[in-house]
Undergrad: 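Before we start, here is the structure in question, set down as structure tokens.
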Amino acid sequence: MKFFLDTAVIDEIEEAASWGVLSGVTTNPTLYLRAGGTLAGFHDHLKRICDIVDGPVSGETVGLERAEIVREGEELAAIAPNLVVKVPTMPEGLAATKTLKEKGIDVNMTLCFTVSQALLAARSGARYVSPFIGRFDDISEHGIGHLGDVIKALSNYDFGHPVEVITASVRHPYHVVAAAELGADIATVPFSVLEKLVRHPLTDRGLESFLSDWEKVKNA
Ligand code: E4P
């Protein structure tokens, strides 16, 4: 499984990249505003992220109509060769994805919840499909169950181009583990989840006892 960070915070991106585990980033203007940015600076910020990350960086369009999404997508794609255009799953989004694909621009189809949406996203030309997990859990549905259905359905077909599943709306480490067991290609996670994935109390306890033994050996 590849790990993407779902963030706009440069320090988090640099830290994950330094661990050698970062394969991409998904971000949007809301995350950037939450990180203290302004809308006017968003494209420059995306450029900074693209320079750091050795992999795809998804930047989101905000238009609701196909021509507008395509225009925004072309502007975003011009920022860097590894910029992927994030487009919402909706009829106008499918139409924009078809056009962007014809122009050689990769699309990450976001806000995807169902098997039918995922099949249509892949068919329209999306390079990445992002099923959301946590938002299903929020409404007492089984997000991981829906993810499994999407992965299974997509694996039945050859879409004529590579399609990778990005597990999105990840809130807990167990979402990532379950997604990996289902064979999801990618999980995009907040930095707080990535940190929880690497830590374990038994590792901490083992380290403590190793250090205390080492002190004794040194002082013997
Ligand atoms: C990523 O592409 C999605 O926008 C993100 O994972 C959504 O997460 P949320 O449901 O926690 O907002």
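Indexing begins at 1, ligand by ligand and atom by atom, following the structure's order.
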Undergrad: Which protein residues come within less than 4.0 angstrom of ligand 1, counting heavy atoms only?
TA: Asp6, Thr26, Lys86, Phe132, Arg135, Ala168, Ser169, Arg171
Undergrad: Which heavy-atom pair separates Thr61 from Glu72 by the least distance, and what is that distance?
TA: CA-OE1, 3.1 Å
Undergrad: Filter on side-chain hydrogen bond (donor to acceptor under 3.5 Å, both in side chains), then keep only pairs touching residues 146-161, sequence neighbours left out; what's left?
TA: Glu141-His146
Undergrad: Return the set of residues passing side chain to side chain donor-acceptor pair (under 3.5 Å) with Asp137 (not counting sequence neighbours), or none when no residue passes.
TA: Tyr174, His175
Undergrad: Taking atom types as modelled, is there a side-chain donor on Thr7 or Glu12 under 3.5 Å from an acceptor on the other?
TA: yes
Undergrad: Does the pair Glu215/Lys218 count as a salt bridge with the N-to-O cut at 4.0 Å?
TA: yes
Undergrad: Which residues pass the side chain to side chain donor-acceptor pair (under 3.5 Å) test with Ser192, sequence neighbours left out?
TA: none
